[in-house]
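Given the structure is predicted, the values throughout are model-derived calculations rather than measurements. Note: hydrogens, waters and symmetry copies are ignored here, and every other heavy atom, side chains too, is used.
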Amino acid sequence: MRKESELWNKILSGAMALPFVKVDRESFLRKELALYCDHDMLDIAIKESPLKVLHQKQISRIASGCIKYHLMLVCGTSALAGLPGGWALTGTIPADIAQFYGHVFALTQKLLYLYGWPDLQGEEGKLNDEAAYILTLFTGGMMGSQVALETIKKISKAFAEQVAIRLPRQALTKYAIYNISKQVAKWIGIKLTKDTFARGVSKVIPLIGAPISAGLTYWTFKPMANRLKKSLDEQLILLVDC
């Protein structure tokens with residue numbers, strides 16, 4: 001099981017190092033909420049939460065737009081990787097996977113910020129170890145891990161009950177995020193080991209490699225993104241009902 005965890009950690013590190021992965025919470029919220037909020041409302045959304053100033057349907061609409069944007073980008077990158085005569089096969093597979101999960105991580109941050117989560121970046125402005133644990137947890141949830149999904153429900157409720165600009169480390173410790181993330185990392189590693197072959201084979205099929213690669217990416221990324229949005233929508237409904 002150790003090699004599965006190492007596989008995920010390698011992909012995690014590579015994807016987090018990509019320049020587009022880090023999402024600045026304030027800049028993102030100001031841009032996306034500008035059509036819905038005045039200056040004072042924007043300040044409240046940033047200092048507290050978008051849930052304080054937006055309706056549920058507005059948040060859902062913005063989230064859907066973010067999903068479409070990253071789906072278009074990740075499929076375009078995957079199609080390019082599948083073109084014959086492009087990157088060497090040995091280099092294509094890890095680069096393609098890193099790009100894929102880079103978009104997963106960027107989208108995850110955007111949706112979390114829309115649904116009231118604190119900034120995943122540390123005080124130094126970087127995605128630190130705590131962020132890596134959270135991204136692993138949510139990636140597992142997006143891939144269908146029940147352990148991850150149950151943990152996400154618990155910590156989402158805890159974060160909603162206390163306004164925090166940064167990730168509260170006490171909450172992460174209380175809900176054993178570190179240990180659970182390690183379990184989820186192993187689970188993801190096993191799935192990746194099985195899925196990588198199918199994604200890699202499409203790169204060596206002449207002419208049809210690009211559309212097959214893009215298609216595989218589409219039917220992998222979209223369900224993952226929708227599962228994340230559904231989970232956050234459900235949590236938001238519970239908060240409203242309370």
side-chain contact (heavy atoms from CB on, under 4.5 Å) between Leu135 and Leu120: does it pass, once the steps are laid out?
CA-CA 9 Å; Leu135 290 173; Leu120 297 192; 4.2 Å; yes
Before you tell me yes or no, could you show the steps for Asp40 and Ile44 under side-chain contact (heavy atoms from CB on, under 4.5 Å), namely the whole-Å CA-CA distance, both residues' side-chain angles and the distance that decides it to 0.1 Å?
CA-CA 6 Å; Asp40 291 338; Ile44 293 173; 5.5 Å; no
Please report the C-alpha distance between Phe20 and Leu73 in whole Å, then the side-chain angles of each, then the deciding distance to 0.1 Å, and finally whether the side-chain contact (heavy atoms from CB on, under 4.5 Å) criterion is met.
CA-CA 11 Å; Phe20 65 85; Leu73 291 180; over 6 Å; no
Given Glu150 and Lys153, is the side-chain contact (heavy atoms from CB on, under 4.5 Å) satisfied, shown in steps?
CA-CA 5 Å; Glu150 288 300 319; Lys153 289 181 181 179; 3.8 Å; yes
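Here the straight-line distance linking atom OH of Tyr101 with atom OG1 of Thr108 works out to 11.0 Å at 0.5 Å rounding. Here the CD-CG distance, from Gln235 to Leu51, works out to 11.5 Å after rounding to the nearest 0.5 Å. The distance from the CD1 atom of Ile155 to the CD1 atom of Ile177 is 4.0 Å, given to the nearest 0.5 Å. Of the inter-residue distances, the one linking Cys75 atom SG with Lys222 atom NZ reads 10.0 Å to the nearest 0.5 angstrom. For the atom pair CD1 of Ile134 and CG of Asp129, the computed distance is 12.0 Å after rounding to the nearest 0.5 Å. Interatomic distance, Lys31 NZ to Glu26 CD, rounded to the nearest 0.5 Å: 15.0 Å.
Residue Ala45 comes nearest to Leu29 through the heavy atom pair O-CD1, 4.1 Å, listed as atom of the first residue, atom of the second, then distance. Taking both residues in full, the closest heavy atoms of Ala132 and Met16 are given as CB-SD, 3.9 Å, listed atom of the first, atom of the second, then distance. When every heavy atom of Ser145 is checked against every heavy atom of Val184, the shortest pair comes out as OG-CG2, 4.3 Å. Of all heavy-atom pairs between Gly102 and Ala15, the closest is N-CB, 3.7 Å. Met41 approaches Tyr36 most closely through the heavy-atom pair CE-O, 3.9 Å. Contact record, Gly141 with Ala148: N-CB, 3.5 Å, taken as the closest heavy-atom pair.
Looking only at side-chain heavy atoms (C-beta outward), Leu114 and Leu33 come within less than 4.5 Å of each other. At a threshold of 4.5 Å between non-hydrogen side-chain atoms, the residues Tyr178 and Glu130 count as touching. Contact of the Gln121 side chain with the Lys22 side chain is registered, since non-hydrogen atoms from C-beta on lie closer than 4.5 Å. Between Val147 and Trp187 the shortest side-chain heavy-atom distance does not fall below 4.5 Å.
Phe28 and Leu232 fall within the same hydrophobic cluster, defined by Ile, Leu, Val, Met, Phe, Trp and Tyr side-chain heavy atoms under 4.5 Å apart, directly or through other members. Met143 and Leu149 are assigned to two separate hydrophobic clusters, defined by single-linkage of ILVMFWY side chains at heavy-atom distances under 4.5 Å.
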Side-chain donor-acceptor contacts of residues 59-71 below 3.5 Å, not counting sequence neighbours, with atom names and distances?
{"residue": "Ser60", "atom": "OG", "partner": "Lys229", "partner atom": "NZ", "Å": "2.7"}
{"residue": "Ser64", "atom": "OG", "partner": "Ser60", "partner atom": "O", "Å": "3.1"}
{"residue": "His70", "atom": "ND1", "partner": "His103", "partner atom": "ND1", "Å": "3.1"}
{"residue": "His70", "atom": "NE2", "partner": "Lys110", "partner atom": "NZ", "Å": "3.0"}

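The aromatic rings of Phe221 and Phe100 stand perpendicular to each other, their planes meeting at an angle above 60°, with 30° marking the opposite boundary.
Considering Tyr133, Trp117, Phe105 in turn, Trp117 is the only one that fulfils the ring pair (Phe, Tyr, Trp, His ring centres under 6.0 Å) rule with Phe138. Met142 pairs with exactly one of Leu137, Asn226, Val104 by the side-chain contact (heavy atoms from CB on, under 4.5 Å) rule, that one being Val104.
Shown here are the salt bridge (charged side-chain N to carboxylate O under 4.0 Å, His left out) partners of Asp24, two or more places apart in sequence or in another chain: there are none.
Panel note: side chain Gln109, backbone Val21; a donor-acceptor pair is recorded below 3.5 Å. Formation of a donor-acceptor pair under 3.5 Å by the Arg30 side chain with backbone atoms of Leu42 is not found in this model.
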